[in-house]
Amino acid sequence: EKLVVVKPGVSDSLRSMFVRDIKTVRNDANKIAKSADDKKEESHLEIKTSSAKVMNQEAKTTDGNKKGQVVKDQNSPTFLNKVNATAHGMKSLEESMINSLGFLPDEDGELETDKDGQTIYTVFSTDCSSYQHWQSYMLFFSAMRIKQRGFVTRIASGCSEKQKDEANEFHQEHIAVMSSRFRIHFTPKFSSIKGDDGQSKGDYKYFNKPFGVKHYLENSSDFGWDEKLSKMKSVEDKAIVIIIDPDMVLLQPLTTDFSDSSVKFWSPFYKKIERKKIVEPGTPFGQTYGLSHNWMKFISVAGDDSPAQKVDERTADLHYQVGPPYIGTVLDMYNIVRRWAELVPKVHRTKPELMSEMYAYCLAAADQALPHEVVNSMMISAVDAYGEGWDMIDKIPDEEVCVAGRTPNKSVHPLPTLMHYCQFYGVGEVLFNKRLVPDDIFTCQKPLLIEPVDDAMSTDYAYKLNLAGRKKEKLNAKLHKRQVFATCAITSAVNEASLFFKLHHCNKSEANRERKLDLIA
């Protein structure tokens with residue numbers, strides 16, 4: 001059967017043809033599967049097709065009672081285990097077509113706002129390196145996969161004209177096919193470290209984040225900042241800005257509502273603390289980071305009259321030790337970001353270190369008298385970290401933990417919103433680190449990553465490989481489980497994104513689908 005391949009420079013009409021009526025696409029995929037020589041692959045596809053139909057019906061259903069009835073059986077752990085017992089991850093282009101189709105045109109429009117009519121602008125800062133091209137592709141893909149509402153924008157800083165052309169071409173050819181709501185915004189280079197004489201004394205790439213977001217908010221047509229009126233002319237004040245990092249993959253949609261019972265807030269004083277649950281003017285939110293009140297060492301750079309001077313250590317621990325995702329209304333976020341850009345060079349000059357831009361954000365928020373509600377459960381990162389959403393993973397039954405990572409579904413198990421994959425993750429013979437991923441991971445010729453075995457929770461695999469000679473490091477039960485989830489989640493996400501790329505940009509004969517890429521081979 002003929003496989004629809006969307007080539008670079010695809011027209012809107014051709015893309016519409018590809019994302020034509022979903023039933024037709026699924027029928028095409030079924031025909032492909034039925035003609036396959038491998039009958040097991042056919043059964044994998046049939047199971048995945050059934051699951052995809054249910055998930056699509058769920059997305060289209062507005063009545064809560066009907067929604068619950070529709071997904072009752074197919075969202076059960078038993079059903080999902082049955083699916084993944086024979087087909088873990090994404091096995092073929094046909095399955096990728098079904099499970100990662102992208103948005104139908106009418107769906108894309110519906111996702112521009114949340115269910116309350118609020119617009120969410122999610123942004124992340126990068127340079128123009130190929131290292132951050134593939135991370136950007138991953139982030140956009142994960143946003144498409146979980147149907148993130150609103151607009152998602154990559155802020156690319158410091159590109160040469162050639163790099164800008166290449167990055168824009170990459171975006172138009174490989175990102176725009178996912179959604180018309182995914183964008184790229186270019187800014188000047190902000191990473192130079194300036195001395196007192198104004199001359200460059202080095203480079204700190206994380207300056208690009210505060211300055212890049214400020215540039216975006218002031219210059220993007222989405223906002224239209226008016227200095228005289230002190231407001232955004234193009235958006236309502238209730239619009240939301242979310243700042244995340246490029247090395248994050250979304251497991252659930254980013255939200256402004258934290259009233260769900262599964263949400264865990266930071267409670268540093270061993271007693272329940274009343275927290276606000278909704279992002280609104282004067283109430284930004286952030287993920288707990290282990291910064292404590294160390295940012296207070298830099299208060300002097302904010303000035304003697306700064307409201308930050310009035311913050312005590314208890315309040316600092318309770319409301320200001322935050323990191324990405326940073327979430328706030330557009331005016332609150334702009335006020336923080338503008339002050340953030342003013343303070344970060346001073347903080348870095350006082351103590352040049354890796355976390356200086358994060359300390360500067362905390363200081364800027366305190367300076368603007370905008371205490372955050374601090375959430376543990378938005379993110380997971382280091383498997384032994386406190387203040388993250390690992391409690392959710394710990395509660396998943398052992399036999400389901402890898403499945404939950406590969407096919408995140410909040411109706412089956414509550415999960416963190418995202419994974420910040422900035423650590424080493426591994427279980428058994430599989431090891432993942434972003435620095436080990438080849439820059440050309442999303443190409444036609446590159447094979448897929450190896451993934452953990454289906455029974456990765458077996459004690460036979462309770463170890464992680466060391467880079468030095470593949471030496472085995474034993475894992476205790478808790479860390480073993482967390483490593484299984486993280487490794488299953490990130491390797492499967494990379495492979496799904498790779499299959500999506502191959503589906504859209506490669507002839508079937510040249511698309512390498514071998515699952516054999518070992519990052520430490």
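Remember, predicted model here, so these are calculated numbers, not experimental data.
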Scan side-chain atoms only and decide if [X] and [Y] contain a donor-acceptor pair under the 3.5 Å cut-off.
X    : Y    : result
W225 : E227 : yes
S157 : T187 : yes
D247 : H420 : yes
H133 : R154 : yes

**Message:** Is it the case that the ring center of F207 lies less than 6.0 angstrom away from the ring center of F190?
**Reply:**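 No, ring centres 6.0 Å or more apart.
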
**Item:** Ring center gap for F223 and Y216 short of 6.0 angstrom
**Value:**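 For F223 and Y216, the ring centres are under 6.0 Å apart.
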
**Asked** Short question: side chain of S292, backbone of N294 - any donor-acceptor pair under 3.5 Å?
**Response**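 A pair under 3.5 Å: no.
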
**Asked** So, T443 side chain and D440 main chain: donor-acceptor pair closer than 3.5 Å or not?
**Response**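 Between the backbone of D440 and the side chain of T443 there is a qualifying donor-acceptor contact (under 3.5 Å).
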
If you count every heavy atom of other residues, nucleotides or ligands that lies below 6.0 Å from [X] atom [atom1], does the total exceed 12?
X    : atom1 : answer
K395 : NZ    : no
N476 : CG    : yes
K410 : NZ    : no
D305 : CG    : no

**Carboxylate-amine/guanidinium proximity below 4.0 Å for K147 and E107** =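 Salt bridge between K147 and E107, a charged N being under 4.0 Å from a carboxylate O: yes.
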
